[in-house]
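Reminder, nothing fancy here: chain letters follow the sequence lines and each chain counts from 1.
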There are 2 protein chains.
Amino acid sequence: MAKMIDVARLAGVSVATVSRVLAGSAHVSRETREKVLRAMADLDYKPNLLARNLRKMESKTIVVVIPDISNPFFSDVIRGIQHVAKEHGYHVLLGDTQNDVDAEWDFIEMIKERAADGVILVTARTSPEKIMEMAQEVPLVMACEYIQGAELPMVTIDNVISAKRVVDHLAALGHRRIGFIAGPLHVIISRDRLQGFVLGLREHGLEQDSSLIVEGDFSIPSGYDQAVRLLQLPEPPTAIFASNDEMAIGAVKAVKQMGLKVPQDVAVVGFDDIPMATVIEPALTTICQPKFEIGKKAMEILLQLIQQSNRSHGHLKLPEKLIVRDSCGGRLKG
Amino acid sequence: MAKMIDVARLAGVSVATVSRVLAGSAHVSRETREKVLRAMADLDYKPNLLARNLRKMESKTIVVVIPDISNPFFSDVIRGIQHVAKEHGYHVLLGDTQNDVDAEWDFIEMIKERAADGVILVTARTSPEKIMEMAQEVPLVMACEYIQGAELPMVTIDNVISAKRVVDHLAALGHRRIGFIAGPLHVIISRDRLQGFVLGLREHGLEQDSSLIVEGDFSIPSGYDQAVRLLQLPEPPTAIFASNDEMAIGAVKAVKQMGLKVPQDVAVVGFDDIPMATVIEPALTTICQPKFEIGKKAMEILLQLIQQSNRSHGHLKLPEKLIVRDSCGGRLKG
DNA sequence: CTGTTAGCGCGTTCAG
DNA sequence: CTGAACGCGCTAACAG
């Protein structure tokens with residue numbers, strides 16, 4: 001493996017000059033540059049990034065911490081991150097925590113070991129205090145998840161408004177008794193979606209029956225189980241709003257299993273718009289998060305943080321979209 | 001950020017000693033070690049991996065090259081890789097090519113720049129010759145995909161046998177006219193599956209009608225389109241075997257759309273066993289690749305390659321499983 | 001425009 | 001068991 005000094009010798013110049021053409025510096029004559037370029041080609045020279053990184057004290061790598069790589073929701077976010085990372089010569093290290101809090105922290109600490117220049121958190125099981133403290137010291141951006149009132153850069157949608165929009169839609173279709181399957185309520189975005197739901201009920205003058213609000217864990221089975229609970233109520237809802245698509249899919253299964261039809265007997269709405277939402281029958285009406293955009297934006301902000309171009313960053317909320325498909329049908333009769 | 005010399009000074013020892021306790025060397029008195037450990041804790045010392053990597057001329061990072069991170073098939077493979085990578089202190093860099101051949105090559109070249117110690121190829125659009133040549137020079141393992149007759153480590157299932165098993169199953173259910181939706185035939189595993197299909201037909205004395213074999217591109221829409229072609233045949237098949245689950249899902253949609261029922265009128269079988277296979281109705285009968293195991297095994301072999309413990313590695317074939325669900329029903333009547 | 005030189009922080013000889 | 005000193009390959013001052 002040829003190194004810089006080999007190139008320098010072959011080209012009859014100093015290592016500094018080789019380094020300069022590598023960096024694309026203007027202070028090299030065309031003639032010299034070509035000599036060097038030829039020598040590099042002859043020797044099939046590739047710069048040793050290990051050495052460069054040490055010298056520049058950067059890794060040109062960022063780590064994106066996600067709770068579970070199997071979850072299709074995250075792939076688009078990662079793609080967005082990757083898109084701008086690549087443009088700027090950064091590599092993306094995968095920080096799949098498998099829902100392990102300690103692993104999450106390990107990845108964040110990689111920055112202190114200089115194994116990464118920055119981190120994007122797409123999960124945040126670690127204590128908010130620790131994260132906020134860490135954010136003071138290293139370039140850190142949160143995406144999809146956020147911390148209430150924190151002073152660090154966060155890119156999400158407005159989960160309250162989004163959930164409220166679903167209720168608007170359902171109310172417009174004539175639904176007056178709507179069941180809600182919340183996500184785990186220790187997660188802030190779950191609470192936000194619940195809040196948006198309640199807000200919507202209130203605004204449309206719909207009844208607020210606490211037995212219509214149940215809590216799942218974002219999994220298909222939990223959606224199924226909680227939907228069954230709702231449907232077995234003495235006065236079951238005519239629509240079920242699940243806090244994510246997986247639970248909505250479980251809910252659809254439950255409805256069908258009980259001999260009812262979606263959307264004729266029970267409308268179902270999800271949240272997130274994962275690929276499966278279009279595969280299930282009927283195709284799911286849901287809220288589409290701009291996942292790719294969130295990733296892009298998060299990475300752009302991280303880049304600014306790394307380059308110390310310290311613009312003040314706070315909570316950035318990107319617009320979501322309500323995707324109307326078949327799972328809540330037309331206007332309710334009667 | 002404290003460095004080694006700071007720890008050394010505080011502990012009243014030399015940097016060499018600090019380095020030794022860091023490496024867990026036995027040649028340090030318990031007393032000294034404790035002094036050093038305490039100093040490290042006091043200073044919140046974290047070794048600078050950039051420096052260590054340069055010194056040891058390794059990055060402790062491997063890159064896994066995948067064609068598209070959005071494809072759910074790959075997440076389990078990655079999880080398997082990650083599982084053993086983590087055990088051995090390696091980081092996993094995501095090499096998402098977005099189906100771009102040049103990007104594939106860029107990631108492989110990272111090894112020459114010492115930005116990665118090895119590479120696992122879960123895609124191989126680049127020319128086989130280039131890959132084989134590269135494999136001579138750097139630690140490289142292929143997973144899921146492979147190169148015919150190559151001398152490099154490859155971990156896959158036996159696609160021929162697997163496809164044949166599907167035909168066995170279908171034949172046992174009484175199907176005699178089976179349609180086959182191949183993957184893109186420039187990909188070797190697509191050809192293998194086709195070969196297994198033909199093999200199965202022959203073994204069971206089923207008719208080989210070339211109009212029953214069509215080619216898709218592994219996408220849902222292509223599965224839909226090709227299934228329509230099959231079903232519009234003068235003598236349509238009673239079963240459709242798609243070369244992956246996405247195409248099978250498309251096929252199921254096509255069958256339903258034409259007013260037919262799965263599996264009563266047309267049985268459908270997929271390949272891969274992605275999560276969606278259980279969500280669609282009816283749940284898909286399919287071949288389950290041991291994705292996690294493939295990833296694990298590939299990473300284990302890569303580790304051996306990196307550590308130069310050069311055992312001879314060739315094509316390793318892991319056992320697949322036929323998962324019988326609802327999409328091909330019971331024995332065909334008549 | 002080009003060359004010389006000094007580290008980046010660590011691991012690893014070699015002495016003692 | 002411990003310390004001194006060198007160098008991994010490169011970039012960035014500084015000098016010319």
Side-chain angles (χ1 to χ4, degrees), chain A residues 1-40 43-61 89 109-117 307, chain B residues 1-40 43-61 89 109-117 307:
Chain A
M1 195 95 300
K3 40 204 206 192
M4 197 173 257
I5 191 148
D6 300 321
V7 177
R9 275 205 263 267
L10 182 60
V13 298
S14 75
V15 288
T17 302
V18 177
S19 178
R20 283 188 192 104
V21 325
L22 222 46
S25 159
H27 304 288
V28 181
S29 75
R30 214 170 56 87
E31 196 176 12
T32 318
R33 182 196 320 285
E34 280 170 7
K35 263 194 312 194
V36 173
L37 254 20
R38 209 171 316 122
M40 296 203 304
L43 295 171
D44 190 30
Y45 170 74
K46 302 260 183 299
N48 184 322
L49 297 185
L50 261 28
R52 174 183 294 172
N53 290 345
L54 171 59
R55 182 58 236 249
K56 302 183 83 168
M57 208 51 91
E58 65 179 10
S59 62
K60 279 289 183 179
T61 299
E109 294 229 305
M110 286 179 55
I111 303 183
K112 294 213 162 173
E113 300 175 322
R114 323 231 63 142
D117 299 340
Q307 293 157 2
Chain B
M1 196 93 304
K3 41 204 204 189
M4 199 176 254
I5 191 150
D6 299 321
V7 178
R9 276 205 262 268
L10 182 60
V13 298
S14 75
V15 288
T17 303
V18 177
S19 179
R20 284 190 191 100
V21 326
L22 222 46
S25 161
H27 304 288
V28 182
S29 74
R30 216 170 57 85
E31 194 175 15
T32 319
R33 182 197 319 286
E34 279 170 7
K35 262 194 312 191
V36 172
L37 254 20
R38 208 170 318 120
M40 294 202 305
L43 294 170
D44 189 28
Y45 170 74
K46 302 258 183 301
N48 184 323
L49 298 186
L50 260 28
R52 173 183 295 173
N53 290 345
L54 172 59
R55 183 57 238 252
K56 304 184 82 169
M57 208 51 93
E58 66 179 12
S59 62
K60 279 289 184 180
T61 298
E109 294 229 306
M110 285 178 56
I111 304 183
K112 294 214 160 176
E113 300 175 321
R114 323 230 63 140
D117 298 341
Q307 293 157 2

Engineer: Report the residues that fulfil salt bridge (charged side-chain N to carboxylate O under 4.0 Å, His left out) with A:E34, sequence neighbours left out, ordered by chain and then residue number.
Structural biologist: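 Counting only residues at least two positions away or on another chain, A:E34 forms a salt bridge (charged side-chain N to carboxylate O under 4.0 Å, His left out) with A:R30.
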Engineer: Between A:Y45 and D:dC10, is there a contact of a side-chain N or O with OP1 or OP2 at under 4.0 Å?
Structural biologist: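 Yes, such a contact exists.
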Engineer: Can a side chain N or O of A:S19 be found less than 4.0 Å away from OP1 or OP2 on D:dC10?
Structural biologist: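 Checking A:S19 against D:dC10: no side-chain N or O falls below 4.0 Å of OP1 or OP2.
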Engineer: Name the residue closer to the 5' end of DNA chain D, choosing between B:M57 and B:A16 according to the nucleotide with the nearest heavy atom.
Structural biologist: B:A16
Engineer: Starting at the 5' end of DNA chain D and moving along, which residue's nearest nucleotide shows up first, A:V15 or B:R33?
Structural biologist: B:R33
Engineer: Considering every strand and a 4.0 Å limit on heavy-atom distances, what is the contact class for A:M4: base, sugar-phosphate, or nothing?
Structural biologist: base
Engineer: Looking only at heavy atoms, what is the nearest atom pair of A:V13 and A:V18, with distance?
Structural biologist: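 Scanning both residues completely, I find the closest heavy atoms to be CG2-CG2, 4.0 Å.
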Engineer: Just to be sure I understand the rule, does A:V13 reach a base, reach only the sugar-phosphate, or reach nothing, if contact means heavy atoms closer than 4.0 Å?
Structural biologist: sugar-phosphate
Engineer: Is a donor-acceptor pair below 3.5 Å formed from side chain B:R55 to base D:dG9, judging by atom type as modelled?
Structural biologist: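 A donor-acceptor contact between them is absent.
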Engineer: I'd like the 5' and 3' limits of the part of DNA chain C contacted by chain A, with heavy-atom contacts below 4.0 Å.
Structural biologist: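 Footprint of chain A along DNA chain C, 5' to 3': C:dC1 to C:dG9.
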Engineer: Side-chain donor-acceptor pairs under 3.5 Å in residues 20-27 of chain A, sequence neighbours left out?
Structural biologist:
unit_1 : atom_1 : unit_2 : atom_2 : d
A:S25  : OG     : A:H27  : N      : 3.1

Engineer: Identify the two heavy atoms, one from B:K112 and one from A:M1, that lie closest to each other, and give their separation to 0.1 Å.
Structural biologist: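 Of all heavy-atom pairs spanning B:K112 and A:M1, the closest is O-SD, 3.6 Å.
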Engineer: Counting just side-chain N and O atoms, does B:T32 come under 4.0 Å of either OP1 or OP2 of D:dT2?
Structural biologist: yes
Engineer: Are the side chain of A:D6 and the backbone of A:K3 linked by a donor-acceptor contact shorter than 3.5 Å?
Structural biologist: yes
Engineer: Can you measure A:M40 atom CE to D:dG9 atom P for me and round it to whole angstrom units?
Structural biologist: 17 Å
Engineer: Tell me the interatomic distance from A:N48, atom CG, to D:dC10, atom C1', rounded to whole angstroms.
Structural biologist: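 Interatomic distance, CG of A:N48 to C1' of D:dC10: 8 Å.
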Engineer: Testing B:N53, B:L49, B:N48 one by one against A:R114 for a side chain to side chain contact (heavy atoms under 4.5 Å, CB included), which residue passes?
Structural biologist: B:N48
Engineer: Expressed as a whole number of angstroms, how long is the span from A:I5:CD1 to D:dG9:C1'?
Structural biologist: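 Rounded to the whole Å, the gap is 10 Å.
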Engineer: Separation of A:E58 atom CD from D:dC10 atom P, in whole Å?
Structural biologist: 15 Å
Engineer: Select from B:K56 and A:K56 the residue whose nearest nucleotide in DNA chain C is closer to the 5' end of that strand.
Structural biologist: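 It is A:K56, whose closest nucleotide lies nearer the 5' terminus.
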Engineer: In whole Å, what is the span from the CG atom of B:L54 to the C1' atom of D:dC6?
Structural biologist: 13 Å
Engineer: Taking CG from B:N53 and C1' from D:dG9, how many angstroms apart are they, rounded to a whole number?
Structural biologist: 13 Å
Engineer: Roughly how many Å is it from CD in B:E31 to C1' in D:dT2, rounded to a whole number?
Structural biologist: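 After rounding, the reported distance stands at 13 Å.
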Engineer: Testing the basics here: between B:T61 and B:A115, what is the closest heavy-atom pair and its distance to 0.1 Å?
Structural biologist: CB-O, 4.0 Å
Engineer: B:R9 CZ to D:dT2 P: how many Å, rounded?
Structural biologist: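 Nearest whole value for this atom pair: 19 Å.
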